[in-house]
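Protein chains get the first letters and strands the later ones, always in sequence-line order, with residue 1 at the start of each. Here the structure is a predicted model, which means the values were calculated and not measured.
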Amino acid sequence: MKNDELFALLRRRGVLWPSAEIYGGTQGLYDYGPLGFSLKRRLEEAWAAWFVGLSHDYHLIEPAEILPEAVVRASGHLENFTDPEVTCDSCHSAFRAETILEKVRPEGVDGLAPEQIAEIVSANHLKCPTCGSLTLSVPRPFNLMFGVDWGVTGKERAYLRPETAQGSYLSFSRMWDVGRRALPLGIAVIGKAYRNEIAPRQVLFRMRAFTQAELQVFFDPAGFAVPFDRVREDSLPVLRVERRERGEETPEMIRADDLVRSGGLPEFYVYHLVHTVRFFRDVLHYPADRIRLYEKSDKERAFYNRIQFDVEVRLDSLGGYKELGAVHYRGDYDLTRHSQGSGKDLSVHPTGREPLLPHVLEMTFGVDRNIWGLADVHLGKEGERTVWKLPSYLAPVAVGVFPLIGKEHGAYALALTDELAGWGIAAQYDDGSSIGKRYARMDEAGAPFCVTVDGETLADGPAKDSVTLRQRDSRAQERVPRSELGNRILSGLRPPRPSRA
RNA sequence: GCGGGCAUAGUGUAGUCUGGUAUCACAUAGGCUUGCCAAGCCUAUAACCCGGGUUCAAAUCCCGGUGCCCGCACCA
């Protein structure tokens, strides 16, 4: 489905819509409706069940969304998110100063004042890349962070967090103290991050407020033991830098142990990469042939990232592979910076070991982007009908409950709806229009089951108190006693956890 | 930010050039009928992105704004 068509469908069904729509909408902000909110909750729960479930020592926390200026200064966001931007006075195109100066000053522009950059531009007669004029302006700072006035005087500054990860780094020493004082230690955060994007685009793909799910694993750089034997035979769809440089776009399947043995990647990294791919493939049910692990080169990744693979999924609505998650090996960059910034020694003393500064492995997941991805991949037309084939534990509605004839079976079906809701099942009663339309509505909302109360349910006989249970994907129906219904539906509603036995 | 395109009920659209009661379908709500996969009939609700201008009269022409789409740039 095309981008527009998919968004129209999601809007019509109340999955999501632009924020402040009655004022014409607000660029880069979206509201989730009933179906979208519920799907998002379940997606977050599935993520947590999987990634936090990887180890007894991985935990969820909820840090604050506002960061004091000292934090973003230490993290590098004040400096790096405030790229000097040069505009062309002729055609008004905008560029990062670093891009303009790339050829004459490969070491970058860090530490240069705007006037110094302007001097270099004029001394080298640098032209506008778009129109070729010699009319590049003096750079002005452009910051992707939202600043907020802080305190009574409003003179102090704070910032909305541009990524959730910072809260995990800030909480690390507290988590060390309240925990087992052992490495590895994983800290997971699910929450909003905010970026004042220049050009928000493609609905949920570049938003100004978005939800991230991130797991930061702190580990001893001298050794991070993982049960690698359990993943060594998995094959991963990787597109490595050398292959990309040959012009290849498609990934090749490489076994996990080969990625370690001849691929030069550490076991702990590949182990988590395998589990990340399993999550996308086995939990979210993205088709295996749509998933690609895209390795970022030295130039493409942030300087502190030692290894970076983006998890990409091919989406028809956006015409190609899109980044839906990533696995970063960040070294000790974050704790070093915050040790310096705070003046507090963040190194730890594991029992029987010398003090050390842990390294960080980061797994990031774009929650909103994956809601779009799940719609792109699983929501589609099958002949006349539109079906959203969500994994059952993600479906916002688990079961639709219908009376075959409203007047005769309505009361029974309503009572049954309440009973199922009491089991914690998202059950939705519908007696509108015809039975066929009710099935169609539920297919579109992604409900894995529909239950219909009919004459046999009420009549004395062998089928008394049984109903028909209809499966979304196969459309097959079977007769099920009311007493078994709760368990039948409930069994598919728990998201999978990784096996770690 | 730049260039191009677009904006009409919940959704998709006709009408815009050539100003004069805004078209159709689906969806939604109610009724009759039917009774296990979007059936049929009747009824109802429902729209010209916002602001200004020209005109007796603006969805239509003019100016300004906002939003969306595509490409470029940006996305440590």
Using distance alone, with no hydrogens and no angle criterion, decide if A:Glu249 and A:Tyr321 have a side-chain donor and acceptor under 3.5 Å apart.
no

Any N or O donor-acceptor pair linking the side chain of A:Glu163 to the base of B:A76 at under 3.5 Å?
yes

Under 4.0 Å between any heavy atoms, over every strand shown, what does A:Asp454 touch: base, sugar-phosphate, or nothing? Just pick one.
base

May I have the distance from A:Phe7 (atom CZ) to B:G12 (atom P), rounded to whole angstrom?
11 Å

Rounded distance (nearest 0.5 Å) linking atom CD of A:Glu478 with atom CG of A:Leu469
5.5 Å

Provide the distance between the two P atoms, one in B:G5 and one in B:A9, to the nearest whole Å.
23 Å

Considering only the C1' atoms, how many Å lie between B:G51 and B:U66, rounded to the nearest integer?
10 Å

Side chain of A:Arg201 - closest among B:A38, B:G12, B:C72:
B:C72

Value in whole Å for how far the P atom of B:G12 lies from CG of A:Leu6:
12 Å

What is the distance, to the nearest angstrom, from the CZ atom on A:Arg208 to the P atom on B:C75?
15 Å

Is a donor on one side and an acceptor on the other found under 3.5 Å between the side chain of A:Arg479 and the backbone of A:Ser466?
yes

When you check the side-chain N and O atoms of A:Ser317 and A:Asn3, is any donor under 3.5 Å from an acceptor?
no

Is any side-chain N or O of A:Asn3 closer than 4.0 Å to OP1 or OP2 of B:C70?
yes

What distance, rounded to whole Å, do you find between the two C1' atoms, one in B:A22 and one in B:A46?
13 Å

Please report the distance, rounded to the nearest Å, between NZ in A:Lys2 and C1' in B:C69.
9 Å

Regarding A:Gln477, tell me which of base, sugar-phosphate or nothing describes its non-hydrogen contacts under 4.0 Å with the strands shown.
base

Could you tell me the separation between the OH atom of A:Tyr194 and the P atom of B:A76, rounded to a whole number of Å?
19 Å

Mind checking the P distance from B:G15 to B:U8? Whole angstroms is fine.
14 Å

Nearest to the A:Leu144 side chain among B:G1, B:G35, B:C75, which nucleotide is it?
B:C75

Could you check A:Ala8 against A:Ala476 and say which one's nearest nucleotide on RNA chain B is further toward the 5' end?
A:Ala8

Between B:C37 (P) and A:Tyr439 (OH): distance, integer Å:
8 Å

Remember a base hit wins even if backbone is also touched, and classify A:Arg470 as base, sugar-phosphate or nothing at under 4.0 Å, heavy atoms.
base

Which residue, A:Phe219, A:Tyr269, A:Phe309, forms the ring pair (Phe, Tyr, Trp, His ring centres under 6.0 Å) with A:Tyr329?
A:Phe219

Do the numbers put A:Arg482 on top of the ring of A:Tyr412, so that NZ or CZ is under 6.0 Å from the six-membered ring centre and no more than 45° off the axis?
yes

Note every stem involving RNA chain B: at least three consecutive Watson-Crick or G-U wobble pairs, i with j then i+1 with j-1, with both distances under 3.5 Å.
B:1-7 with B:66-72, B:10-12 with B:24-26, B:28-32 with B:40-44, B:49-53 with B:61-65

Any sub-3.5 Å donor-acceptor pair from A:Asp454's side-chain atoms to A:Glu456's backbone N or O?
yes

Can you find a side chain N or O atom of A:Gln27 that sits less than 4.0 Å from OP1 or OP2 on B:U66?
no

Given the P atoms of B:C50 and B:A7, what is the spacing between them in whole Å?
14 Å

Gap between atoms CZ and C1', on A:Arg206 and B:C70 respectively (whole Å)
14 Å

Charged N to carboxylate O below 4.0 Å: is that the case for A:Glu382 and A:Arg475?
no

Identify each atom pair where a protein N or O and an N or O of nucleotides 25-29 of chain B are less than 3.5 Å apart, giving names and distance.
unit_1, atom_1, unit_2, atom_2, d
B:U28, OP1, A:Arg441, NH1, 2.2

Find the distance between CD (A:Glu214) and CE (A:Met363) and round it off to the nearest 0.5 Å.
10.5 Å

Within a 6.0 Å radius of atom CZ on A:Phe37, are there more than 12 heavy atoms belonging to other residues, nucleotides or ligands?
no

So what does A:Ile405 touch, heavy atoms closer than 4.0 Å: a base, only the sugar-phosphate, or nothing?
base

Pick the P atom in B:A57 and in B:U43, then give their distance to the nearest Å.
37 Å

Expressed in angstrom and rounded to an integer, what is the separation of A:Gln202 atom CD from B:G71 atom P?
7 Å

Check whether the ring centres of A:Phe365 and A:Phe279 lie less than 6.0 Å apart, and answer yes or no.
yes

Do any of residues 406-414 of chain A sit with a heavy atom less than 4.0 Å from RNA chain B, and if so which?
none

Think A:Ser434 has a side-chain N or O under 4.0 angstrom from the OP1 or OP2 of B:A39?
yes

Inspect the contact between A:Glu69 and A:Arg157 and indicate whether a charged nitrogen and a carboxylate oxygen are less than 4.0 angstrom apart.
no

Comparing A:Glu21 and A:Val453 on RNA chain B - which has the more 5′ nearest nucleotide
A:Glu21

Distance between the P atoms of B:A25 and B:C17, in whole angstroms?
26 Å

Output yes when A:Arg441 and A:Glu444 qualify as a salt bridge under the 4.0 Å nitrogen-oxygen rule, no when they do not.
no

Once you apply a heavy-atom cut-off of 4.0 Å, does A:Ser19 come out as touching a base, just sugar-phosphate, or nothing?
nothing

Below 3.5 Å, does any donor atom in the side chain of A:Arg13 face an acceptor in the base of B:G10, or the other way round?
no

Measuring only the P atom in each nucleotide, how far is B:C70 from B:C32? A whole number of Å is fine.
48 Å

A:Ser491 and A:Arg488: which non-hydrogen atoms are nearest, and at how many Å?
OG-O, 2.9 Å

